[in-house]
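Proteins get letters first, then strands, A, B, ... in listed order; numbering begins at 1 in each.
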2 protein chains.
Amino acid sequence: MIRVLLADDEGMIRSALAALLRLEPDIEVVAECADGAEAVAEAARLKPDVCLLDLEMPRLDGVEVAERLNRTTATRCVIVTRHARPGVLRRALASGAAGFLPKSRGADEVAAVIRRVAAGGRYVDPEVAADALSDERSPLTDRELDVLRAGRNGETTRQIARTLSLAPGTVRNHVSTVLGKLAVETRQQAVLLAQERGWI
Amino acid sequence: MIRVLLADDEGMIRSALAALLRLEPDIEVVAECADGAEAVAEAARLKPDVCLLDLEMPRLDGVEVAERLNRTTATRCVIVTRHARPGVLRRALASGAAGFLPKSRGADEVAAVIRRVAAGGRYVDPEVAADALSDERSPLTDRELDVLRAGRNGETTRQIARTLSLAPGTVRNHVSTVLGKLAVETRQQAVLLAQERGWI
DNA sequence: CTACGGGCATGACACATGTCATGGCCGGGG
DNA sequence: CCCCGGCCATGACATGTGTCATGCCCGTAG
């Protein structure tokens, strides 16, 4: 019997997956969690064989949860996400996750992936893997990413400069090179593109 | 037998809901669609009793689909969404949708809502409804919303002006009053806030 | 009718933002 | 060693953006 923990902040998909997994004779759903912190706590208590973790969750995201669990328990983690971008996949694998499944795949694949991972194997969605191999790593430097992150909610140059302890001119300069590298015209477009590609 | 069309761009939740609904003796899933345009076409062809429509879909969103179907067929629509904000609910009801269900609710409620709507009733999630009654309508004028929408991806003032056939100064003015009304400092923050509240 | 208020549009002005040229710092070859 | 190239930081300059005062149009209250 494979003991599974489910974590997803979206109640509908969480309960739907739970209901479907309960129909499988060899799988037992031992916990359903609505955020990352809860998932960490429950996983520590229940020691499930596999954790199915949504990437976008409040408090701790799926990758952060996988990181912590890999340090403290023997649980194997599968990251599930809406935004299956190469950068995200890299983050997930770096955290020690054993599986990576985009939500664009059918629910029927979930049980199969769980079995494979529970048996000690790994699973990475082939399509995203192909993308990740072909596509470039972020062309942005660390500092440029810092600036982008600090300004992702429309913060003003002055605010970004304060949070990073920089002169406003420096921030503008970093932004400018980012715009050039990404071939866009405004910071907002740069932020959207970088998020799209999983760089921030 | 209630004939149901399912439309959601996220394959996992679409197939999970389909699998669960097929377990219900009185419900038949006649179509699964991955975007709004496909949903419109399939609904016209198959005349389902109920359409379960995700709000966020490529090409046509759920509300736009519901609008078209209400003009052309007798199908009753249920809008399902991640972002269950009062503004979104208002849009949905204005489009003639018979049901509104946030994805934070469990999958087990879906069948119940479908039955209710198929029987000629309506269903609106009580929690969102309460929010919608207590909370304010958008303080922004139509034109201000147009400008915000046209600039939601970081378009430059000039581009917004062109798409709306306005002078750049006018666009700046609308943006300015929006910033004042929403008490924020940049367009990007205004866009984020307006999206958050379901105004655009 | 007339006065008023709200939405819409506009141009001039002040300020924030993007661009550019420059210089310091560090690490890896010739 | 010394030079080169990448990254980071900065200030001056040009351009884009936000603010303001103004005017038009229209519906409505006096």
Side-chain angles (χ1 to χ4, degrees), chain A residues 87 90-91 94 135-200, chain B residues 87 90-91 94 135-200:
Chain A
R90 261 188 282 267
R91 265 190 77 210
D135 122 316
E136 297 299 309
R137 149 159 260 87
S138 162
L140 305 179
T141 80
D142 293 347
R143 215 57 179 142
E144 285 158 3
L145 288 171
D146 286 344
V147 170
L148 225 46
R149 254 189 293 271
R152 85 181 108 186
N153 292 322
E155 284 81 354
T156 172
T157 302
R158 187 190 313 262
Q159 292 171 313
I160 299 174
R162 246 199 301 274
T163 51
L164 297 182
S165 301
L166 286 178
T170 308
V171 172
R172 286 198 294 265
N173 188 24
H174 283 309
V175 171
S176 182
T177 63
V178 168
L179 298 186
K181 285 179 181 176
L182 302 187
V184 296
E185 300 212 318
T186 68
R187 310 175 180 204
Q188 192 179 349
Q189 289 178 355
V191 168
L192 291 172
L193 191 65
Q195 284 176 338
E196 173 80 3
R197 307 221 174 144
W199 294 337
I200 57 176
Chain B
R90 260 189 282 267
R91 265 190 78 208
D135 118 319
E136 297 298 309
R137 150 160 256 86
S138 160
L140 306 178
T141 79
D142 293 347
R143 215 60 178 141
E144 286 158 3
L145 288 172
D146 286 344
V147 170
L148 225 46
R149 254 188 293 270
R152 84 182 109 186
N153 293 323
E155 284 82 354
T156 172
T157 303
R158 188 188 312 263
Q159 291 172 314
I160 299 174
R162 246 199 301 274
T163 52
L164 297 182
S165 303
L166 286 178
T170 308
V171 173
R172 287 198 292 262
N173 188 22
H174 284 308
V175 171
S176 181
T177 62
V178 167
L179 298 185
K181 285 180 180 175
L182 302 187
V184 296
E185 300 211 319
T186 68
R187 313 176 177 205
Q188 191 178 349
Q189 289 176 355
V191 168
L192 290 172
L193 192 65
Q195 283 177 338
E196 172 79 4
R197 307 222 174 142
W199 293 339
I200 56 177

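A:H174 places its NE2 atom 11 Å from the P atom of D:dC7, with the value rounded to the nearest Å. For the pair B:K181 NZ and D:dT19 P, the computed distance is 14 Å after rounding to whole Å. B:R187 has its CZ atom 9 Å from the C1' atom of D:dG18, to the nearest Å. When rounded to the nearest whole Å, the span between CG of A:L140 and C1' of D:dC8 equals 15 Å. If you measure from atom CD of B:Q188 to atom P of D:dT17, you get 13 Å, rounded to the nearest angstrom.
Within the 4.0 angstrom heavy-atom criterion, only backbone atoms of the sugar-phosphate kind lie near A:T141; the bases stay farther away. Residue contacts for A:T156: at a heavy-atom cut-off of 4.0 Å it reaches the sugar-phosphate backbone alone, with no base atom in range. Among the atoms of the strands shown, base atoms are found under 4.0 Å from some heavy atom of A:R172.
Here chain A contacts DNA chain C (any atom closer than 4.0 Å to a heavy atom, that is under 4.0 Å), and the contacts span C:dA16 to C:dC20 from 5' to 3'.
Of all non-hydrogen atoms in A:L182 and A:P139, the two that sit nearest each other are CD2-CG, 4.4 Å. Closest approach of A:T163 to A:A150, counting heavy atoms only: OG1-CB, 4.0 Å. Contact detail for B:A194 and B:L148: the closest heavy-atom pair is CB-CD2, 3.8 Å.
The CH2 atom of A:W199 lies 9.5 Å from the CZ atom of A:R90; values are rounded to the nearest 0.5 Å.
B:K181 places no side-chain N or O within donor-acceptor distance of the main-chain N or O of B:L140, the cut-off being under 3.5 Å.
Applying the side chain to side chain contact (heavy atoms under 4.5 Å, CB included) rule to B:R152 yields the partners B:R149, B:V191, B:Q195; only residues at least two apart in sequence or on another chain are considered. Here B:E185 pairs with nothing under the side chain to side chain donor-acceptor pair (under 3.5 Å) rule; sequence neighbours left out.
Residues from residues 157-167 of chain A lying near DNA chain C, meaning a heavy-atom separation below 4.0 Å, are A:T157, A:R158 in numerical order.
Along DNA chain C, the nucleotide closest to B:P168 and the one closest to A:L179 are compared, and the more 5′ of them pairs with B:P168.
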Please output the side-chain donor-acceptor pairs of residues 166-178 of chain B that fall under 3.5 Å, not counting sequence neighbours, one pair per line with the distance.
{"residue": "B:T177", "atom": "OG1", "partner": "B:E144", "partner atom": "OE2", "Å": "3.1"}
{"residue": "B:T177", "atom": "OG1", "partner": "B:H174", "partner atom": "O", "Å": "2.8"}

Quiz: residues 153-162 of chain A side-chain donor-acceptor pairs under 3.5 angstrom, not counting sequence neighbours:
{"residue": "A:E155", "atom": "OE1", "partner": "A:N153", "partner atom": "N", "Å": "3.0"}
{"residue": "A:T157", "atom": "OG1", "partner": "A:R187", "partner atom": "NH2", "Å": "2.7"}
{"residue": "A:Q159", "atom": "OE1", "partner": "A:T156", "partner atom": "N", "Å": "2.8"}

Provide a list of protein-nucleic acid N or O atom pairs under 3.5 angstrom, restricted to nucleotides 21-23 of chain D.
none

